[in-house]
There are 2 protein chains.
Amino acid sequence: MTAGPTPPRMADVARVAGVSKMTVSRVLTGGSVSPATRARVQQAIDELGYVATAAAGMLSSGRSEFVAALVPSLASSNFADTVRGLTDALAPHGLQLLLGDTGYHLDQEEALVKSLLRHQPRGIALTGRHHSAGTRALLERAGIPVVEMWDLPERPIDMAVGFSNAKASLAMVCHLHQRGYRRIGFLCGASELDRRGTDRMRGYASGIKALGLGEPRVIRLGDSPITMSHGGPAMAALLQAWPDTDAVMCVSDMSAFGAIMECHRRGLSVPGDIAVAGFGNFEIAWCCHPTITTISVDAYGIGLRTGEVLLDALDDGEATAARKLSRIDFSVVERESA
Amino acid sequence: MTAGPTPPRMADVARVAGVSKMTVSRVLTGGSVSPATRARVQQAIDELGYVATAAAGMLSSGRSEFVAALVPSLASSNFADTVRGLTDALAPHGLQLLLGDTGYHLDQEEALVKSLLRHQPRGIALTGRHHSAGTRALLERAGIPVVEMWDLPERPIDMAVGFSNAKASLAMVCHLHQRGYRRIGFLCGASELDRRGTDRMRGYASGIKALGLGEPRVIRLGDSPITMSHGGPAMAALLQAWPDTDAVMCVSDMSAFGAIMECHRRGLSVPGDIAVAGFGNFEIAWCCHPTITTISVDAYGIGLRTGEVLLDALDDGEATAARKLSRIDFSVVERESA
DNA sequence: TTGAAAGCGTTACCAC
DNA sequence: GTGGTAACGCTTTCAA
């Protein structure tokens, strides 16, 4: 932290290079400048260690180089991958991500939106289709492209990139049914914070009903989103409530892993005694033993596509109907556990 | 994306409230304003949905509300936790994190530092003690507090919050030695990208030498940082090279988990036939079977402390010698696997 | 407690 | 291809 006297300004560069500020600005933004002067300016920049002040440019030009993104949690590899996709799409265009972590709370999301909008982001990406009225109002006034990720809203704020979590879950029910399982349970968190988790549970329940497999067997345990450590207790609770259960769907691969570990502890073989399915196709699903049957979703791809969709919107100005809703594929990945 | 006509400005709020811009500014920044006028102004703000432009304030006041943070990867729960700690420390003070993902590359780090400095962050946090000469130069010129995290540099740029990865690794060697293991191997990535991983390997090697346990048995496999899926192949390679190995240290819990899965596949019992130790105390270390003996490091705490150290420096202006280096504790957590 | 004027460092716009 | 001038929307500073 060597506090130098005063950092050099554009005017300093201009003076050293013997040109006007405008010429320096053109060099920086890629305007038309003769090669000779461009070289002189560049040399002055290097010499002085000049770094342009983003705030001034932003104020003057009226546009920032920010894109805001809100995720429920950075600790989930799911969303971390999505963020990576977003970065990979946007960074090449000089856009810097402003990241917000909502902790799965809609009011926290609203607070973050309010705070992030102060930086005039060019666009904003949210997670999910559930938002507070205040959030919607803020975004509608903002006049920038908005993308809702990881879901397919019936009434999108603007655009969306995602899939139906309920349908994905339903697909897994069908898979298990096809494999001969009939007494299927579901493990998820106790709170409604994880909206996509709740959607998956609903998809499961509707599948059970549709296939005539009796009443849904749902265990809600632990704060959403539940992870490895919740899987075990949830599995225990399920076996206590419905001892004849022959298959278990879990809201995520993490909880599925925990559930499988609990089975190991009890001497239950998976899938021999009981089948276990996850959701998300995390690394653990194909590294653990037995490997976990799961739903594969391209988390990175969601981020990448979201970035592309935003870039398109920034170009065109207005979203075309065609890209309002961008559907991301999911698929059942059959492995050893179910 | 409803592009309204023109967003309201501070002058608009002032007009509606019947006061000057300055009074509005004071209301926003918590200056002294009579309760009556404050209420009128607040009402005007709500009515118009006014959102202050951060760039203008930044330019005028000369200081931003940004803090920059660079991590090697967001996908690692380690660094995700550190980022959470940083956010938790800084957000209450109105500071917004500007996050950069270096992908473990020092030149990418330099590029990000250059790009992030344009936003005039109040402070910046980096990961590790290794940086390019360009990065050091940029930061020394920047005149802002700098914190290096996850390590204890001999020659810190400014401040540091971390621990000695080599010593932590050494502690694990001692633990294994104490438990009676004598033919100890080490699994890590093939590249030098993961500097902390390399430090851990060095700590291991020095411990092996110091204890007279023969030549180090190091398997370098896969791109750093290695994860679950590399652990298995690395374990296989180790057993091929040194079949009599009785204990294995892994550069992380992720690779330790992969190694254990490989043992299961081969019918080797852990720790009966071979002991396995990890590093990091990730959730998987206490959820899998057997539970993994590991080194516990408070990743969240590193972020939190880094945030506090930065806030201190912003207050005092100059770092006191006492907080130049902030040591974070680590400890051997003995579980079932070793 | 409140207001008026003068910047902050850049880019847009229009001359040359 | 290059330069001057006027914003951009705030906060600082100084007066009232």
Side-chain angles (χ1 to χ4, degrees), chain A residues 4-42 44-45 48-66 94 115 117-122 142-143, chain B residues 4-42 44-45 48-66 94 115 117-122 142-143:
Chain A
T6 308
R9 298 308 178 199
M10 192 177 267
D12 300 319
V13 176
R15 192 163 23 70
V16 169
V19 296
S20 74
K21 286 196 301 180
M22 267 319 298
T23 302
V24 178
S25 175
R26 288 192 184 101
V27 169
L28 255 30
T29 58
S32 63
V33 178
S34 80
T37 41
R38 175 179 295 274
R40 285 218 320 287
V41 169
Q42 190 57 56
I45 288 174
L48 295 174
Y50 169 67
V51 178
T53 304
M58 197 177 305
L59 186 59
S60 179
S61 69
R63 14 188 221 84
S64 78
E65 294 179 336
F66 290 127
S115 137
L117 283 180
R118 290 175 20 89
H119 296 108
Q120 324 258 80
R122 301 279 291 275
Chain B
T6 308
R9 296 308 178 201
M10 192 178 269
D12 301 317
V13 176
R15 194 165 19 70
V16 170
V19 295
S20 74
K21 285 196 304 180
M22 266 321 297
T23 302
V24 178
S25 174
R26 289 193 183 100
V27 168
L28 254 31
T29 58
S32 62
V33 178
S34 80
T37 37
R38 177 179 294 274
R40 285 219 318 286
V41 170
Q42 190 58 56
I45 288 173
L48 296 175
Y50 170 66
V51 178
T53 304
M58 196 176 306
L59 186 58
S60 178
S61 69
R63 25 195 209 78
S64 78
E65 295 179 334
F66 290 127
S115 136
L117 283 180
R118 291 177 18 92
H119 296 109
Q120 321 259 81
R122 301 279 291 278

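All values below come from the heavy atoms of this structure, side chains included, with hydrogens, waters and symmetry mates left out.
Between A:Thr37 and A:Arg40 there is a side-chain heavy-atom pair separated by less than 4.5 Å. Between A:Met58 and B:Met58, the closest side-chain pair of non-hydrogen atoms is not below 4.5 Å. Using a 4.5 Å heavy-atom cutoff, the side chains of B:Val41 and B:Val19 are in contact. Inter-residue side-chain proximity for A:Leu28 and A:Ile45 is flagged as met; some heavy-atom pair is nearer than 4.5 Å.
Each of B:Ser20 and A:Met58 lies near DNA chain C, and the nucleotide nearest B:Ser20 is the one positioned closer to the 5' end. If B:Val51 and A:Val19 are placed on DNA chain D by their nearest nucleotide, the residue sitting closer to the 5' end is A:Val19.
To the nearest angstrom, P of C:dG9 lies 15 Å from CG of A:Leu48. In this structure, B:Met10 atom CE and D:dT11 atom C1' are separated by 8 Å, rounded to whole Å. As rounded to whole Å, 14 Å separates atom P of D:dC8 from atom CD of A:Gln120. Rounded to a whole Å, the CD atom of A:Glu65 is 13 Å from the P atom of C:dT10.
Note on A:Gly62: nothing from the nucleic acid sits closer than 4.0 angstrom, heavy atoms only. Counting any heavy atom pair closer than 4.0 Å across all strands shown, B:Ala54 reaches no nucleic acid atom.
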Report all interatomic pairs (protein N or O, nucleotide N or O of nucleotides 5-8 of chain C) with separations under 3.5 Å.
from  : atom 1 : to      : atom 2 : distance (Å)
C:dG7 : N2     : B:Ser60 : OG     : 3.0
C:dC8 : O2     : B:Ser60 : N      : 3.4

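Look at B:Thr29 and you won't find any side-chain N or O under 4.0 angstrom from OP1 or OP2 of D:dT11. For C:dG9, the OP1/OP2 oxygens have no side-chain nitrogen or oxygen of A:Tyr50 closer than 4.0 Å. Contact check, A:Ser34 against D:dT2: a side-chain N or O comes under 4.0 Å of OP1 or OP2.
A salt bridge between A:Asp12 and A:Arg9 is absent, with no side-chain N of the basic residue lying under 4.0 Å from a carboxylate O of the acidic one.
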**Request:** Apply side-chain contact (heavy atoms from CB on, under 4.5 Å) to A:Ser64 and A:His119, showing your working.
**Result:** CA-CA 7 Å; A:Ser64 78; A:His119 296 108; over 6 Å; no
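Candidate nucleotides D:dT2, C:dT1, C:dT10 were compared by shortest atom distance to the side chain of A:Thr23, and D:dT2 ranks first.
At a cut-off of 3.5 angstrom, the base of D:dG1 holds no donor-acceptor pair with the side chain of A:Arg38.
In this structure, the side chain of A:Ser60 does not engage the main chain of A:Ala56 through any donor-acceptor pair within 3.5 Å.
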